[in-house]
Amino acid sequence: MSERRIVVDPVTRIEGHLRVQAVLGDDGKITDAMSTGTMWRGLEVILKGRDPRDAWAFVERICGVCTGIHALAAVRSVEDAIGIKIPKNANLIRNLINATLYTQDHIVHFYQLSALDWVDVVSALQADPRETADLQQKISPRHPLAAVGYFRDIQNRVKKLVESGQLSIFNKGYWGHPEMKLPPAVNLLAVAHYLEVLDFQRECVRIHTILGGKNPHPNYLVGGVACPINMHDTGAQGTMVNEVTLNYMRQVAKQAVAMVENVYLPDIKAIASFYPEWFKYGGGLAGKNMLCCGDFPEIPNDWSDKSLQLPQGVIVNGNLNEVHDFDPRDPEQLQEFVDHSWYQYPDQNKGLHPWDGITEQKYELPPGAEGTATKFSWLTPDGKYSWVKSPRWRGHMMEVGPLARLVVGVAKNVPHIKEPALALLSELNAPLEAVFSTLGRHAARALECHWAAQKMVQYVDELTANIKAGDEAAANMEFWEPSTWPKQCRGVGLSEAPRGALAHYCVIKDTKIENWQAVVPTTWNASPRSNEGQQGAFELSLIGTPIADPKRPLEIIRTIHSFDPCLACASHLLNPEGEELCSVQVR
C-alpha cells in the first residue's frame with residue numbers, strides 16, 4: 001500500500017499551508033484523498049474585546065492575496081449589526097474596489113499561480129518565434145505585441161535563466177512531464193503572456209491606492225469609504241477622487257478589458273483545445289452542491305436579486321431546476337462542524353451557527369496516523385486531521401467560487417452570466433456539464449474576469465456622473481459614536497470573494513466585540529470530511545483522476561490550483577512544545 005500513496009506537502013503557489021494526500025488504485029486513478037490545512041489562523045481570538053470599527057483592519061490581514069475583501073465583509077457585518085446605511089458614492093467605490101480586485105486576482109491566479117501546471121517553460125526554448133507570432137495574430141489579432149523580435153527577446157530571456165541554472169520564478173516546475181501537451185510555440189506565447197500580466201497587474205491595483213490609500217490591504221470605513229471626494233482639486237493623482245484620478249481609473253479599467261480580451265480569454269481557449277480531457281476530471285461537488293451568497297449590490301443597502309450582480313443561491317444534489325435561497329442568519333441552514341478539525345466544541349458531533357461559533361484549538365493526531373505530532377508522514381480520516389473547520393448548508397458539503405457563481409447564474413437565468421457561458425461552451429463544442437471540471441473552473445474564472453473588467457469601466461463612469469450631479473458624500477457618520485449603538489447587537493457581512501462565498505459574523509456587547517467568526521471560501525472548499533463520510537470539494541474533486549507519474553503528481557496540483565486555494569495567513573504561532581513564540585502588543 002505504501003508505494004500507492006502520494007503526499008503533496010505543502011501545495012505551493014497558494015496563500016497559506018495546505019497538505020494533500022491521495023491513494024492510488026490498481027488502475028492508476030485516485031481512489032481516496034484528504035486535504036489538511038496545516039496552519040491555524042486565530043484572528044477570531046485576537047478580535048475579542050476590540051472596537052468593532054477597527055475589526056476590518058485586523059481581518060483584512062487574513063489574506064494578502066484577496067486583498068481588501070475581508071475588510072469589505074467586516075464593515076458590512078458591523079453596519080448590519082448597528083443599522084448603518086451607506087451613501088451611493090460609497091457603494092459605487094466599494095464595487096469599483098471589488099471589481100478591480102476580481103480582475104487583478106483572477107488574472108494573477110491563472111498566470112502566476114496556475115499556468116505553470118499547463119505550460120512547459122523549458123519547452124519554449126525549442127519554439128520558432130515566427131510561429132509564435134503567427135499564432136498570436138491568429139488567436140488575438142488586436143494584441144499590440146505580435147512581432148517576431150518580441151517573442152525572440154522573450155525566448156532569450158528564458159534561455160539565460162535556464163543556462164544560469166537559476167530559474168527564479170520558473171523554478172521547480174514539472175518540465176518535460178508526460179502530461180505537458182502544449183507545442184513549443186504555444187508554450188512561448190504563454191510565457192510571454194505570463195510576463196505581460198506580471199507587469200499589468202501592478203498597474204491595475206493602483207486603483208486601490210487611489211480609493212483605499214494603498215495595496216495590499218486598502219483602507220475601509222464603517223459607514224462608507226475613507227477616500228475624500230473633491231472635484232475642485234485637480235492636482236496630480238493621489239488618494240483622492242477628482243477629475244484627474246477618475247480619468248486615470250477609467251484608462252486603467254479599459255486596459256483591463258483589453259488585457260482579458262486579448263490575452264486571458266484566448267489563452268484559456270487555446271489550453272482547452274490541447275487538454276480536452278480535463279473537462280472530465282476534477283468535478284467533485286461541482287454541479288452537485290454549490291453555494292453563492294451574492295455580491296456587487298448596485299442599489300445601496302439592498303441585498304435582493306434586483307440589486308445583486310452576482311446572484312445568491314444554493315444548488316443541492318445537482319438539481320439546476322431549483323435554486324434554494326441562502327439565509328446566513330438561519331441556524332438551520334448554516335453550521336460549522338469540527339468533528340474532523342483540530343478544534344473543540346461542547347458536543348463534537350453538533351455544528352454551531354457562526355454567531356455562536358467557538359474557536360478553541362484541540363490538536364491531536366487521528367488514530368492510525370504515521371509519524372510524530374510535529375512531523376507526520378500519513379494521516380487517516382478516523383479523527384481530527386485539519387485546522388480547517390467544516391461549514392455545511394443544511395448538512396451538505398458545498399463548493400464555492402467562480403464556478404459556483406457561473407452555475408447558479410445560469411440556473412437563475414442571469415443574462416450577463418448565462419449568455420457568455422453558453423457562448424463559450426458553444427465555441428468549444430461542449431455541453432454545460434463540461435464546466436463541472438478542473439478546466440471548467442478556469443473557464444468560469446476567465447469569463448468572470450472579463451465581466452469584472454467591464455464593471456470597472458461602468459463603475460468609474462457611474463461614480464463620475466453621480467459626483468458631477470452634485471453628490472460628494474462618501475460616508476454616513478450618523479452612528480459612528482458608540483453611544484448611539486444598541487447595548488447588544490449582532491450582524492453578518494456577506495461578500496463573494498474571488499475564491500467564493502465569504503461571511504463575517506460579529507456579536508457586539510457594550511460597544512466591544514463579544515464574538516467574531518469568519519466563514520471563508522477555502523473553509524468551504526477545503527472542508528475535512530463528515531462523520532457520515534461526506535467529503536469536501538478538494539477531496540472529492542481528486543477522486544477518479546489518473547496519475548501518470550506518482551513521483552511527480554502534476555494532476556493533483558492542477559485540480560487543487562483550479563480552486564485557487566487560500567488557507568489564510570497565520571497570526572498566532574506556537575513552537576513544537578505548544579509554547580507561544582512571541583507576543584506583540586498593539587495600541
Side-chain angles (χ1 to χ4, degrees), residues 1-11 16-26 29-42 44-45 284-285 335-352 357-392 395-398 522-545 547 550 553 556 559-560 565 567-568 570 572-579:
M1 172 63 73
S2 59
E3 70 274 9
R4 307 303 294 175
R5 293 177 175 181
I6 298 175
V7 176
V8 183
D9 184 9
V11 176
H17 300 278
L18 174 66
R19 167 194 171 94
V20 173
Q21 62 182 44
V23 177
L24 289 185
D26 293 335
K29 296 181 179 179
I30 295 175
T31 60
D32 192 20
M34 289 172 54
S35 68
T36 299
T38 58
M39 178 180 65
W40 183 44
R41 187 176 66 228
E44 294 90 344
V45 178
L285 290 173
Q335 295 177 329
E336 285 192 296
F337 291 79
V338 297
D339 38 12
H340 284 78
S341 306
W342 285 315
Y343 299 99
Q344 181 168 294
Y345 279 0
D347 187 334
Q348 292 290 94
N349 296 314
K350 290 185 179 180
L352 295 176
I358 298 172
T359 306
E360 182 179 341
Q361 58 174 322
K362 183 184 180 182
Y363 180 75
E364 60 185 25
L365 289 184
E370 297 177 11
T372 67
T374 56
K375 191 176 182 180
F376 40 77
S377 57
W378 190 256
L379 297 174
T380 63
D382 301 323
K384 296 177 180 292
Y385 64 86
S386 180
W387 284 113
V388 178
K389 290 184 180 181
S390 181
R392 300 168 204 163
H396 297 281
M397 297 287 192
M398 290 284 154
T522 302
T523 313
W524 287 99
N525 289 334
S527 292
R529 65 195 67 197
S530 70
N531 281 337
E532 296 76 30
Q534 289 187 80
Q535 290 178 287
F538 284 4
E539 297 183 351
L540 202 58
S541 69
L542 295 174
I543 307 300
T545 302
I547 303 297
I556 290 176
T559 290
I560 295 299
L567 271 290
H572 184 87
L573 301 178
L574 306 176
N575 69 10
E577 286 71 44
E579 298 170 340

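These numbers were taken from a predicted model, which means no experiment stands behind them. One is the number of the first residue; the rest follow in order along the sequence.
For the pair Met398 and Arg392, the minimum side-chain heavy-atom distance is 4.5 Å or more. Contact annotation: the side chain of Val8 approaches that of Pro553 to within less than 4.5 Å [non-hydrogen atoms, C-beta and beyond]. Side-chain contact between Thr36 and Trp342 is present, with at least one heavy-atom pair separated by less than 4.5 Å. Under the 4.5 Å side-chain criterion, counting only non-hydrogen atoms from C-beta, Leu285 is not in contact with His396. Proximity of Ile547 to Ile30: side-chain heavy atoms (C-beta onward) are separated by under 4.5 Å at one or more points.
Closest approach of Leu18 to Asp9, counting heavy atoms only: O-OD1, 4.3 Å. Taking both residues in full, the closest heavy atoms of Ile358 and Pro346 are given as CD1-CD, 3.7 Å, listed atom of the first, atom of the second, then distance. Taking both residues in full, the closest heavy atoms of Leu365 and Ala369 are given as CB-CB, 4.2 Å, listed atom of the first, atom of the second, then distance. When all heavy atoms of Pro366 and Lys384 are compared, the pair lying nearest together is CD-O, 3.1 Å. Of all the heavy atoms in Gly37 and Ser386, the pair that sits closest is N-OG, 2.9 Å.
Remark: side-chain polar atoms of His17 are not paired, donor with acceptor, to backbone N or O of Pro10 under 3.5 angstrom. Side-chain atoms of Ser35 do not come within 3.5 Å of backbone N or O of Val20 as any donor-acceptor pair. Remark: the backbone N or O of Val23 is paired with a side-chain donor or acceptor of Thr31 at under 3.5 angstrom. For the pair Gln534 (side chain) and Gly395 (backbone), a donor-acceptor distance under 3.5 Å is present. Remark: the backbone N or O of Met34 is not paired with any side-chain donor or acceptor of Gln21 at under 3.5 angstrom.
Scanning for side-chain contact (heavy atoms from CB on, under 4.5 Å) contacts around Glu370 gives Arg5, Ser377, Trp378, with sequence neighbours left out. For Ser341, the side-chain contact (heavy atoms from CB on, under 4.5 Å) partners at least two apart in sequence or on another chain are Val338, Tyr343, Pro528. When the side-chain contact (heavy atoms from CB on, under 4.5 Å) test is applied to Thr522, the partners found at least two apart in sequence or on another chain are Ala526, Phe538, Cys566, Leu567.
Remark: of the listed residues Lys362, Lys389, Glu360, Lys350, Lys389 is the sole one forming a side chain to side chain contact (heavy atoms under 4.5 Å, CB included) with Tyr345.
Using the six-membered ring where Trp is involved, Tyr363 and Trp387 have ring planes that are parallel, under 30° apart on the 30 and 60° scheme.
With a 6.0 Å radius and a threshold of 12 heavy atoms from other residues, nucleotides or ligands, Asp347 has its CG atom above the threshold.
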